There are 4 protein chains.
Amino acid sequence: MSQAHEKPKPRGRPPSPAARRKALAAAQELLMAEGLGRLSIEAVANRSGVGKPTIYRHWANASELAMEALMVGFPAMGSTARPGLEAALEAQIATLTRAFATTRGRQIAMALATADPESEFTRAFRNRVILSSREAGRVLIGAAAEAGEIAQPQDIEVVLDMIYAPLLYRLLAGHQPLDEALAPALAAGALRLLAPSR
Amino acid sequence: MSQAHEKPKPRGRPPSPAARRKALAAAQELLMAEGLGRLSIEAVANRSGVGKPTIYRHWANASELAMEALMVGFPAMGSTARPGLEAALEAQIATLTRAFATTRGRQIAMALATADPESEFTRAFRNRVILSSREAGRVLIGAAAEAGEIAQPQDIEVVLDMIYAPLLYRLLAGHQPLDEALAPALAAGALRLLAPSR
Amino acid sequence: MSQAHEKPKPRGRPPSPAARRKALAAAQELLMAEGLGRLSIEAVANRSGVGKPTIYRHWANASELAMEALMVGFPAMGSTARPGLEAALEAQIATLTRAFATTRGRQIAMALATADPESEFTRAFRNRVILSSREAGRVLIGAAAEAGEIAQPQDIEVVLDMIYAPLLYRLLAGHQPLDEALAPALAAGALRLLAPSR
Amino acid sequence: MSQAHEKPKPRGRPPSPAARRKALAAAQELLMAEGLGRLSIEAVANRSGVGKPTIYRHWANASELAMEALMVGFPAMGSTARPGLEAALEAQIATLTRAFATTRGRQIAMALATADPESEFTRAFRNRVILSSREAGRVLIGAAAEAGEIAQPQDIEVVLDMIYAPLLYRLLAGHQPLDEALAPALAAGALRLLAPSR
DNA sequence: CATTAATCGAGACGGTACGTCGGGTCTTTAC
DNA sequence: GTAAAGACCCGACGTACCGTCTCGATTAATG
């Protein structure tokens, strides 16, 4: 019968989802306990009981494994349905600030900076942890413009950068805290940027 | 009175400036040729002819050495005396953009993210390559407010972050280029932020 | 019952005999060319192409590696079947003298003195290169006593020491040569020691 | 003739005997506390407060310093005036045995084996700690022969070796203890070696 | 008594080697 | 035929000492 054999008939032992899961769990524990710098494939293999070659079958290097571990549990940027652009932005940025103002926040920044910028995996990571908030912001602003709350901005990309960049900036430069005062200030700034010109 | 015997009179052979210089030069060459990830103390020692222990006498680890090498030749943020706040900001940001839109730019971001955030050395590095531009901006804005060109802003810290953060953000997230269009757009955005409220 | 499942069936890749062999060969070459003092693990790794960690998996330190290299090719003290105790002893001591009167002889003495005296490896080395001749002598003397050629000596341990110790002594003290005249003189001395009391 | 101005009139500050003394004392303490393997010039300099270059002015390397430290306090082989050759030999060997049956004994053997055999310093060390006993034995035997107690032996060098070598041999091979039973047994053996032939 | 010269301590220098960690690959046995 | 276990080669780590070399500070004999 020829309707089948499209699938090349996987022979032998199938890849174990358990191994992947255990390695990932061990990676997360190590991130908590030791930090990103100590997250070696070796250490994950030892802690998880998963063999090193198996880990390499799932991730190309320690950086990818770290990125995947860091993504797990990171807040997805769903639209925080709040009335009014400023309030909506503020709520979203506040969530983001809380997520970044942790050890994990620094680790995300470090992973981002360290990772091969060309890799597909890195691209996915950036989209997930950095750019998704920016896209959510774009939706909010689009809706507000649609509703006539604000004018359609010309330089939307730069506006989005100005709103969302300060988080990463403060995280890396450390000159100012990532605290609760930041979200309302950024939301207010956003409104000024988007205000109709006089 | 404190005019005397503050220095404890250094005994023994003084550290050789030549060794420091040679190691630093080799580090810079390696950064160019191989990238930050390949900058090992071992490689610097081999290339420079300086002994490994000597290198460790000057820098605590490869990260510090890399930061010092990356700082050399980085543009100092002197006041770009241009008439008008917007033009001055634009000129400064353009300089900064050119400095970051290179391999060295990524390396700086990577070094910043990787370095021990508590270290004194890291603090100096952050001040030099990230925050000095921010401080220059603060001066420009202060002068413009003094001159009555703009109102004295309330949230100056957040304003500064919104102006200078996008550079690092684009560098790390890679969603938009670090090109010549960025500086005028950011300068224009800054002006909107600083415009007197209606 | 001890007939079965004593071996726990080793899993994983077995140690490569080739690596062990190559390291040992390089060690021997270095002993010849440079001397015991220059036999570093580093040098063996470089010359043999075997990784340092692999060498450490096989030998605890440079001293053990040196001892094993020195043992290879050292003459085993088989019974030199010659008629007459004196002739047999003389033949055996002559062989031994030739073996020690070389660069390797000094290296053996040095290794012996330097090695951790408690280590199991050291014990094996001592048995192989120093004490095996002594035991061969014990057999010769026992046979001669059996045959009535000599009386059964009381202080056999001290007698054996007096016969075999001078080799090492001359090697280390260097006051007299390790030459062909030594073997007959020691054999004659042994006979006097073993002669029936008057 | 030139009986004067042989000394080139040492100008400047003369070498300080105190520095030499302090370094030697520190070396001995380190030998006791840490062992010969840990006796580094560095450690001696730190412990004694004497500068490294000063130490190198007095000894060519760590080995020489160790040898000098090991010589201090080692029993000089004066003639142990006891009536009868056997008793005299036994007394002398017993003293020697006690001196070698210590940690210092092993260290002496190790230093002897490790040291450059050609160096003048090594020669002096060997004479002092190894060969002086042998020479004392030669004197005792000569006197006994003179007194008619024994015959003048032909192979006096080999006889001396057979008497004194077992100490070093047991020390290095470790197959038999260096205990009080050894001295009388060796003295008795010596007598058999020296007995007039039948 | 000032000069002068060698030694002193301290400590940095270029090196070699240490013993360990981790990387990524490869080879075995077990499931 | 994949999984685990684990050895392989390799590169780098950070440290200990090596023996040499400046340094500023002492210390005697010389002038």
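Since the structure is predicted, the reported quantities are computational estimates derived from the model, not experimental observations. In what follows, chains carry the letters A, B, and so on, assigned in the order in which the sequence lines appear, proteins first and then strands, with residues in each chain numbered from 1.
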**Study point:** Residue B/P14, side-chain heavy atoms: nucleotide from F/dC13, F/dG19, F/dC23 that is nearest
**Key:** F/dC23
**Study point:** Five-pair end axes of the helix from E/dC1-F/dG31 to E/dC31-F/dG1, angle between them (10°)
**Key:** 10°
Review point. When only distance counts, do a donor and an acceptor, one from the side chain of B/R13 and one from the base of E/dC13, lie under 3.5 Å apart?
Key: no
Point to revise | Separation of E/dG19 C1' from C/N46 CG (nearest whole Å) | key: 15 Å
Study note, to complete from the structure: Separation of F/dA16 atom C1' from C/E42 atom CD, nearest Å, is 14 Å
Check your understanding: So which one's nearest nucleotide on DNA chain E is more toward 5', B/S16 or D/S16?
Key -> D/S16
Point to revise | Min side-chain heavy-atom separation B/W59-B/L24 under 4.5 Å | key: yes
Point to revise | Residue closer to the 5' end of DNA chain E, B/A19 versus A/A60 (nearest nucleotide) | key: B/A19
Check your understanding: Would you call B/R47-B/E42 a salt bridge at under 4.0 Å N-O?
Key -> no
Practice item. In whole angstrom, give the distance that lies between atom CD of C/E34 and atom P of E/dT16. Key: 13 Å
Practice item. Check the pair D/I55, D/L65 against side-chain contact (heavy atoms from CB on, under 4.5 Å), reporting the backbone distance first and the verdict last. Key: CA-CA 9 Å; D/I55 298 176; D/L65 172 51; 4.2 Å; yes
Check your understanding: Does some side-chain heavy atom of B/E29 sit less than 4.5 Å from a side-chain heavy atom of B/M32?
Key -> no
Exercise for review: Keeping the roles fixed (side chain from C/T54, backbone from C/V50), state whether a donor-acceptor pair exists under 3.5 Å.
Suggested key: no
Review point. Of all the choices, F/dC18, F/dC13, E/dC18, which nucleotide is nearest to the side chain of D/S40 once you look at every atom?
Key: F/dC18
Practice item. Identify the two heavy atoms, one from D/M67 and one from D/T122, that lie closest to each other, and give their separation to 0.1 Å. Key: CE-OG1, 3.7 Å
Point to revise | Sub-4.5 Å side-chain heavy-atom contact between B/M71 and B/V129 | key: yes
**Study point:** d(CG, A/N61; C1', E/dG22) in whole Å
**Key:** 14 Å
Revision key, fill the gap. From CG of B/L30 across to P of F/dA12 the rounded distance in Å is 10 Å
Review point. Rounded to whole angstroms, how far apart are CD1 on A/I41 and C1' on F/dG6?
Key: 16 Å
Practice item. Could you tell me the separation between the CZ atom of B/R47 and the C1' atom of E/dG14, rounded to a whole number of Å? Key: 19 Å
Check your understanding: With the threshold set at 4.0 Å, does a side-chain nitrogen-carboxylate oxygen contact exist between A/R128 and A/E68?
Key -> no
Point to revise | DNA chain F contacts made by residues 49-58 of chain D, counting heavy atoms under 4.0 Å | key: D/K52, D/P53, D/Y56
Review point. If we only count heavy atoms from C-beta on, is the C/F121 to C/D116 side-chain gap below 4.5 Å?
Key: no
Check your understanding: Rounded to the nearest Å, what distance is computed from the CZ atom of residue C/R21 to the C1' atom of nucleotide F/dA7?
Key -> 16 Å
